[in-house]
There are 2 protein chains.
Amino acid sequence: MTSRSSGDDLLFLTDEKLRQGIEAMFFAYRGFTADPDRILETMAYGRAHHRAIHFISRSPGTTVNNLLSILGVTKQSLNRVLRTLVEDGLVESRVGKSDKRERHLFLTEAGDALEKKLSDAQRVRMRTAYRNAGPEAVAGFRAVLEQMMDAKMRRHYQAIREKDV
Amino acid sequence: MTSRSSGDDLLFLTDEKLRQGIEAMFFAYRGFTADPDRILETMAYGRAHHRAIHFISRSPGTTVNNLLSILGVTKQSLNRVLRTLVEDGLVESRVGKSDKRERHLFLTEAGDALEKKLSDAQRVRMRTAYRNAGPEAVAGFRAVLEQMMDAKMRRHYQAIREKDV
DNA sequence: ATAATATGTCAGCTTTGTTGACATTCCAAG
DNA sequence: CTTGGAATGTCAACAAAGCTGACATATTAT
């Protein structure tokens with residue numbers, strides 16, 4: 001653990017450093033989304049579809065409400081995306097067994113194929129970045145990102161993460 | 001420097017870890033923009049205005065073309081944002097001295113005040129995250145982000161960064 | 001003179017978010 | 001067994017912020 005107290009060098013907390021961090025986030029997020037975006041624009045889908053597919057893939061059988069909460073959008077906005085994905089046969093929406101009001105979402109084979117395609121593209125960049133930066137940098141990267149999340153989002157993040165601890 | 005070769009433990013490069021990194025970026029970016037977004041939605045501005053204001057503040061006198069290249073949008077899109085900022089007296093656009101085709105962009109006092117307000121909100125979160133994670137984590141965070149950028153964006157990032165090295 | 005550059009602007013389109021209203025289905029509490 | 005509330009779907013209208021294409025203007029470079 002890094003010490004956070006007294007004698008520590010606090011130069012990493014100057015406004016200038018913080019501004020650089022803000023810019024790094026901005027530029028990096030652009031890179032982060034660039035590869036899947038390129039794939040998506042060749043079809044009739046956008047980033048919103050990618051996000052839905054990603055989280056359905058990560059939590060098969062998740063309900064619409066849960067997905068809503070993860071994605072942080074309105075049900076109308078999500079519904080529009082989900083409808084096209086169901087119509088196009090990428091997502092299957094099954095009525096809940098115990099509670100029939102709920103819809104449980106699954107990727108079809110075609111949906112899974114697209115997920116893999118998008119996720120591969122994104123992971124290639126992540127893997128290269130991770131490898132170039134090294135394991136310690138990656139640990140730091142994740143620590144800072146986790147601290148940057150809203151508490152609610154952090155819970156979602158940790159819930160999904162608890163797959164391999 | 002962290003070693004990148006042979007005997008190293010490569011568990012940080014598993015697909016599962018990479019997926020977690022992808023989700024961390026997604027959730028963290030939401031947190032990253034949340035605070036300024038809350039301020040912006042009380043006025044007639046959005047995230048696009050914030051970005052313009054941020055980079056004009058960082059590089060006073062920058063040209064429209066340079067800003068275009070940093071933000072990665074079309075001139076029509078930027079122009080819409082810039083026009084409202086100039087109309088509202090937050091940004092000043094001065095005809096270039098040596099090349100009169102160029103417009104150099106500056107924040108007015110009012111623009112600077114808004115920049116500070118937005119940037120303060122964003123930095124509070126960054127500072128807390130940085131402090132909680134510690135200096136080494138921050139170094140790793142920035143190393144990974146830098147690796148994640150497109151080469152072109154990395155050049156912009158480094159150009160701005162070279163203010164305090 | 002002519003070509004290229006930097007900028008601004010008009011019009012129209014797309015994606016993805018928002019509200020508000022309303023219907024349906026179903027669980028659960030009284 | 002009725003009724004309230006929850007989960008979902010859907011319609012309409014709207015806004016922010018991207019995009020393309022076309023065109024005008026001023027200025028600089030060749």
Side-chain angles (χ1 to χ4, degrees), chain A residues 26 29-30 33-34 36-56 61-88 91-106, chain B residues 26 29-30 33-34 36-56 61-88 91-106:
Chain A
F26 171 69
Y29 200 79
R30 289 259 299 280
T33 56
D37 278 359
R38 257 189 297 275
I39 296 172
L40 288 160
E41 77 185 8
T42 69
M43 20 191 128
Y45 296 132
R47 218 177 272 181
H49 299 86
H50 182 192
R51 291 198 284 260
I53 287 175
H54 175 95
F55 285 107
I56 295 173
T62 185
T63 62
V64 172
N65 240 8
N66 185 47
L67 199 51
L68 235 40
S69 162
I70 288 175
L71 296 175
V73 298
T74 59
K75 62 174 180 171
Q76 292 91 332
S77 194
L78 176 59
N79 195 253
R80 181 168 37 201
V81 164
L82 237 32
R83 200 188 324 163
T84 68
L85 291 175
V86 169
E87 277 168 8
D88 297 351
V91 167
E92 201 194 326
S93 166
R94 294 186 209 151
V95 172
K97 228 177 5 180
S98 54
D99 186 337
K100 289 174 191 160
R101 287 168 305 181
E102 295 181 337
R103 303 300 142 95
H104 297 277
L105 303 169
F106 300 87
Chain B
F26 171 69
Y29 199 78
R30 287 259 297 283
T33 56
D37 279 358
R38 257 189 296 275
I39 296 173
L40 288 160
E41 78 184 7
T42 68
M43 21 190 127
Y45 297 133
R47 217 176 273 180
H49 300 85
H50 183 192
R51 291 199 283 261
I53 288 174
H54 175 97
F55 285 107
I56 294 173
T62 184
T63 62
V64 173
N65 243 3
N66 184 46
L67 199 51
L68 236 39
S69 161
I70 286 176
L71 296 175
V73 298
T74 58
K75 63 173 181 171
Q76 292 91 332
S77 195
L78 176 59
N79 195 252
R80 182 168 39 199
V81 165
L82 236 34
R83 200 188 323 163
T84 69
L85 291 175
V86 169
E87 277 168 8
D88 296 352
V91 167
E92 201 194 328
S93 167
R94 295 185 208 151
V95 171
K97 229 176 6 181
S98 55
D99 186 336
K100 289 175 192 161
R101 288 170 306 181
E102 294 179 338
R103 303 301 141 93
H104 297 278
L105 303 169
F106 300 87

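Proteins come first, then strands; the chains are lettered A, B, ... in the order of their sequence lines, and each starts at number 1.
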Report the distance from atom [atom1] of [X] to atom [atom2] of [N], rounded to the nearest whole Å.
X	N	atom1	atom2	answer
A:L78	C:dT18	CG	P	10 Å
A:R47	D:dA16	CZ	C1'	15 Å
A:N79	C:dC22	CG	C1'	14 Å
A:L68	C:dG17	CG	P	11 Å
B:D37	C:dT18	CG	P	11 Å
A:R101	C:dC27	CZ	P	6 Å
B:L71	D:dC19	CG	P	10 Å
B:N65	D:dT28	CG	C1'	14 Å

Looking at [options], which one has an atom nearest to any side-chain atom of [X]?
X	options	value
A:R51	D:dG9, D:dG18, C:dT16	C:dT16
A:K100	C:dG8, C:dC26, D:dT10	C:dC26
A:D99	C:dC26, C:dT7, D:dT10	C:dC26
A:K75	D:dG18, D:dT10, D:dA6	D:dT10
B:T74	C:dA6, D:dT20, C:dC26	D:dT20
B:E102	C:dC27, C:dA6, C:dG17	C:dA6
B:Q76	D:dA17, D:dA22, D:dC11	D:dA22
A:R103	D:dT8, D:dT10, D:dG18	D:dT8

Would you call the rings of A:Y29 and B:Y29 parallel, tilted or perpendicular, where under 30° means parallel and over 60° means perpendicular?
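Plane angle under 30°, so parallel.
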Using a cut-off of 4.0 Å on non-hydrogen atoms, how would the nucleic acid contact of B:H104 be classed: base, sugar-phosphate, or nothing?
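The residue B:H104 makes no contact with any strand.
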How would you label the contact of A:S98 with the nucleic acid (heavy atoms, under 4.0 Å): base, sugar-phosphate, or nothing?
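Sugar-phosphate: the residue A:S98, judged by heavy atoms under 4.0 Å, touches backbone atoms but no base.
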Let me know, please, whether A:Y45 or A:V95 comes out on the 5' side of the other along DNA chain C by nearest nucleotide.
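Mapping each residue to its closest nucleotide by heavy atoms, the 5'-most match is A:Y45.
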With no hydrogens and no angle check, is any side-chain donor or acceptor of [X] less than 3.5 Å from a backbone partner on [Y]?
X	Y	result
A:T42	A:I39	yes
A:S69	A:N65	no
A:R30	B:L71	yes

For C:dT16 and A:H49 - does any side-chain N or O of the residue sit under 4.0 Å from the phosphate oxygens OP1/OP2?
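Result: yes.
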Is there a side-chain contact between B:R80 and the phosphate of C:dA11, meaning an N or O under 4.0 Å from OP1 or OP2?
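Answer no for this pair, as no side-chain N or O of B:R80 is under 4.0 Å from OP1 or OP2.
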Return the NE2 to NE2 distance between A:H54 and A:H50, rounded to the nearest 0.5 Å.
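That separation rounds to 7.0 Å.
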Would you verify whether the NZ or CZ of A:R94 falls within 45 degrees of the ring axis of A:F106 while also being under 6.0 Å from that six-membered ring's centre?
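Positive - A:R94 is close enough to the ring of A:F106 and near enough to its axis.
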